[in-house]
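The structure appears below as structure tokens.
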Amino acid sequence: MLSRFIAILIVVATCGLAPVRAQDAAAPFDGDLQRLAEILGALHYLRGICGANEGTKWRNEMQALVDAETPSGERRTRMIAGFNRGYNGFQQTYRTCTPAADIAIRRYLEEGSRISRDLTARYAN
């Protein structure tokens with residue numbers, strides 16, 4: 001499941017989801033991108049406390065997403081805020097890995113995979 005999620009993220013990152021815009025207008029998929037960013041932030045924190053030894057893997061995935069989408073201004077701010085919200089929300093709740101944290105990881109991997117798959121199917125060129 002994890003490798004499939006990463007593969008989908010790579011496809012999203014390499015395909016790009018939209019052409020570069022002259023203006024910083026919201027894209028129809030911005031809500032999904034923000035949710036995906038939040039999931040990546042949550043995974044960055046949770047996988048770290050649950051001993052996954054992945055280092056900055058999820059932060060790097062977020063950077064790849066930002067690099068692929070090349071948002072500017074408010075769009076970029078919202079994406080980064082989503083990542084931070086996901087990270088900080090779990091940082092405030094979990095200090096150590098628990099069975100509930102493991103469940104959250106599994107659910108976020110599944111939801112992130114679904115969002116990535118849907119975005120790629122709908123918007124990739």
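- Here the OH atom belonging to Tyr108 is positioned 8.5 Å from the CG atom belonging to Leu43, to the nearest 0.5 angstrom.
- Note: the hydrophobic cluster containing Ile39 does not contain Ile80 (ILVMFWY, side chain heavy atoms under 4.5 Å, direct or indirect links).
- Contacts of Asp118 classified as salt bridge (charged side-chain N to carboxylate O under 4.0 Å, His left out), with partners at least two apart in sequence or in another chain: Arg114.
- With a 6.0 Å radius and a threshold of 12 heavy atoms from other residues, nucleotides or ligands, Arg85 has its CZ atom above the threshold.
- Here the CD1-CZ distance, from Ile49 to Phe90, works out to 9.0 Å after rounding to the nearest 0.5 Å.
- To the nearest 0.5 Å, the span separating CG on Leu46 from CZ on Arg106 amounts to 12.5 Å.
- Atom CZ of residue Arg47 and atom CG of residue Asn53 lie 10.0 Å apart, to the nearest 0.5 angstrom.
- Salt bridge status for Glu110 with Arg107: absent, with no side-chain N to carboxylate O gap under 4.0 Å.
- Both Leu109 and Tyr94 sit in one connected hydrophobic cluster of ILVMFWY residues. Membership requires side-chain heavy atoms under 4.5 Å apart, directly or through other members.
- Between Arg75 and Glu69 there is a salt bridge, since a side-chain N of the basic residue sits under 4.0 Å from a carboxylate O of the acidic one.
- No side-chain donor from either of Asp30 and Gln34 sits under 3.5 Å from a side-chain acceptor of the other.
- Of the candidates Met62, Arg35, Gln63, Met79, Leu40 forms a side chain to side chain contact (heavy atoms under 4.5 Å, CB included) with just one, namely Met62.
- Under the 4.5 Å side-chain criterion, counting only non-hydrogen atoms from C-beta, Arg59 is not in contact with Tyr87.
- In this structure, the separation between OH on Tyr45 and CD1 on Ile105 is 11.0 Å, given to the nearest 0.5 Å.
- Interatomic distance, CG of Asp67 versus CG of Asn60, reported as 10.0 Å (0.5 Å rounding).
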